[in-house]
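A short write-up of the structure that comes next.
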Number of protein chains: 2
Amino acid sequence: MALGKNYQGQDCTLARALELVGERWTLLVVRDALYGVRRYGDFLAHLGIPRAVLSQRLQTLVDAGVLERVRYSQSPPRDEYVLTEMGRELWGPVYLLAQWGERNLSKAGPYRVFHHVTCGARIDPHGLCPSCGGRPPLEETEVRPGPGADLLRDDPVSVALRRPHRMLVPLPG
Amino acid sequence: MALGKNYQGQDCTLARALELVGERWTLLVVRDALYGVRRYGDFLAHLGIPRAVLSQRLQTLVDAGVLERVRYSQSPPRDEYVLTEMGRELWGPVYLLAQWGERNLSKAGPYRVFHHVTCGARIDPHGLCPSCGGRPPLEETEVRPGPGADLLRDDPVSVALRRPHRMLVPLPG
DNA sequence: TTCCGTCAGTTCATTCAATGAACCTTGGAG
DNA sequence: CTCCAAGGTTCATTGAATGAACTGACGGAA
């Protein structure tokens with residue numbers, strides 16, 4: 001999408017949040033980052049996003065402090081994009097929005113399901129673990145393919161996500 | 001913004017949700033509807049959205065089942081846009097996103113705060129009532145102006161929201 | 001040292017949506 | 001009959017997304 005950037009005069013923090021993460025593709029980039037995607041080429045292949053748009057979104061998110069650009073190779077010089085604490089906090093909204101989509105827009109079963117690894121239980125639609133009753137931190141959360149999972153996509157991230165994967169752990173491995 | 005509408009090939013319900021509510025302005029329209037805004041002219045004045053965009057968004061939301069168009073006057077014929085259950089369920093994601101914006105992007109205090117009217121307590125950043133420990137339903141939630149509230153705006157909705165207001169109750173009254 | 005390939009971008013022409021001003025339509029009120 | 005309001009639609013302009021092509025740094029193989 002091409003979302004304009006300013007919702008001027010909106011006396012609401014939702015508007016400020018949307019100026020940043022409400023642009024087309026942005027929340028999908030963040031979702032991938034929550035899964036553990038860190039590299040330009042992996043975002044590109046997994047999202048099918050135009051290169052120019054990806055570059056611009058990554059830059060915007062880095063500038064805003066949602067992502068941090070970290071050098072992981074000196075030669076050749078290579079950077080990866082890692083979520084900051086501010087970025088990791090987007091897990092709540094992202095999860096609830098995805099659950100809403102699943103309840104209301106999805107015909108087949110869920111593409112992916114989320115488990116609290118320390119309990120083994122599946123996280124409920126509100127983000128709570130039915131076993132311990134708590135709100136599992138991202139580090140204790142695991143993505144698993146659901147019954148509606150698409151097994152045809154063959155980009156590295158999609159392939160890696162065919163088996164259970166701890167959130168934030170670098171993908172594709 | 002101009003968000004494209006299709007994130008094809010995304011094996012994630014988040015993408016489907018964003019195709020619908022991820023377009024520019026859409027989530028702000030929903031937020032206003034959650035406050036109780038129902039009329040074309042009130043959305044227009046409160047959001048400062050172009051008329052053509054508002055018409056298109058309302059139509060899309062009605063088609064998707066997020067809003068329902070209800071006739072409230074036969075002569076002259078007048079309709080209002082009322083949230084369906086599917087639309088009311090967006091409160092969770094909307095609230096969390098606004099809280100995220102408040103923690104991370106807001107310089108001043110919050111524009112608005114939310115209280116569980118049956119307990120009187122202020123709802124916490126996760127959407128829970130610290131008094132009863134539960135997740136207050138929208139009908140028991142009240143919006144109140146916060147310390148950072150903008151008192152200068154004089155459209156009917158902004159004026160009405162200067163005093164506490166029960167969510168979903170028609171605005172501007 | 002030359003050639004090839006990869007990664008991570010940038011550039012550019014085209015397409016499509018947002019914007020905002022102006023206009024239109026329906027129906028009441030005076 | 002005229003005026004006004006609500007709720008739109010139309011249209012020219014602007015700006016962003018798209019996708020293909022190009023660039024530039026570097027490593028590895030021959």
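We use all heavy atoms of the structure for the numbers below, so side chains are in, but hydrogens, waters and symmetry mates are not. All chains are named by letter (A, B, ...) in the order of the sequence lines, taking the proteins before the strands, and each is independently numbered beginning at 1.
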Which residues satisfy the salt bridge (charged side-chain N to carboxylate O under 4.0 Å, His left out) test with Arg144(A), sequence neighbours excluded?
Glu142(A)
Indicate, with yes or no, if the rings of Phe43(B) and Trp25(B) have centres closer together than 6.0 Å.
no
In this structure, how many angstroms lie between the C1' atom of dT10(C) and the CG atom of Leu44(A), rounded?
13 Å
Check the distance between dT19(C)'s P and Glu23(B)'s CD and give it to me in whole angstrom.
12 Å
Please report the distance, rounded to the nearest Å, between CZ in Arg78(A) and C1' in dG5(C).
11 Å
Using the side-chain heavy atoms of Trp25(B), tell me which of these nucleotides is nearest: dT6(C), dC26(D), dT19(C).
dT19(C)
Just grab all the salt bridge (charged side-chain N to carboxylate O under 4.0 Å, His left out) pairs involving residues 81-104 of chain B, residues at least two apart or on different chains.
Glu89(A)-Arg103(B), Arg103(A)-Glu89(B), Glu85(B)-Arg88(B), Glu102(B)-Arg122(B)
Arg39(A) atom CZ is separated from dT6(C) atom P, nearest whole Å, by 15 Å
Please state whether the phosphate of dG7(D), meaning OP1 or OP2, lies under 4.0 angstrom from any side-chain nitrogen or oxygen of Tyr72(B).
yes
Could you go through the side chain to side chain donor-acceptor pair (under 3.5 Å) check for Asp63(A) and Thr60(A) one step at a time?
CA-CA 5 Å; Asp63(A) 291 346; Thr60(A) 300; 5.7 Å; no
Among dG27(C), dT18(D), dG20(C), the one nearest Pro77(B) by side-chain distance:
dG27(C)
Pairwise salt bridge (charged side-chain N to carboxylate O under 4.0 Å, His left out) hits with a residue in residues 43-56 of chain A, at least two apart
none
How does each nucleotide of nucleotides 8-13 of chain D score, in 5' to 3' order, for protein heavy atoms under 4.0 Å: base (B), sugar-phosphate only (S), or none (-)?
BBB---
Roughly, in whole Å, what's the span from CG in Leu28(A) to P in dA17(D)?
14 Å
Tell me: CD1 of Ile49(A) to C1' of dG9(C), nearest whole Å?
13 Å
Give me each pair satisfying salt bridge (charged side-chain N to carboxylate O under 4.0 Å, His left out) with a member in residues 156-166 of chain B, each pair once, sequence neighbours excluded.
none
Gln74(B) atom CD is separated from dG27(C) atom P, nearest whole Å, by 11 Å
Mind calculating the distance between CD (Glu80(A)) and P (dC7(C)) to the nearest angstrom?
14 Å
Let me check something: any side-chain donor-acceptor pairs from residues 64-71 of chain A under 3.5 Å, sequence neighbours excluded? List them with distances.
unit_1: Arg69(A); atom_1: NE; unit_2: Asp79(A); atom_2: OD2; d: 2.8
unit_1: Arg69(A); atom_1: NH1; unit_2: Tyr81(A); atom_2: OH; d: 3.4
unit_1: Arg69(A); atom_1: NH2; unit_2: Asp79(A); atom_2: OD2; d: 3.4
unit_1: Arg71(A); atom_1: NE; unit_2: Asp79(A); atom_2: OD1; d: 2.9
unit_1: Arg71(A); atom_1: NH2; unit_2: Asp79(A); atom_2: OD1; d: 3.3

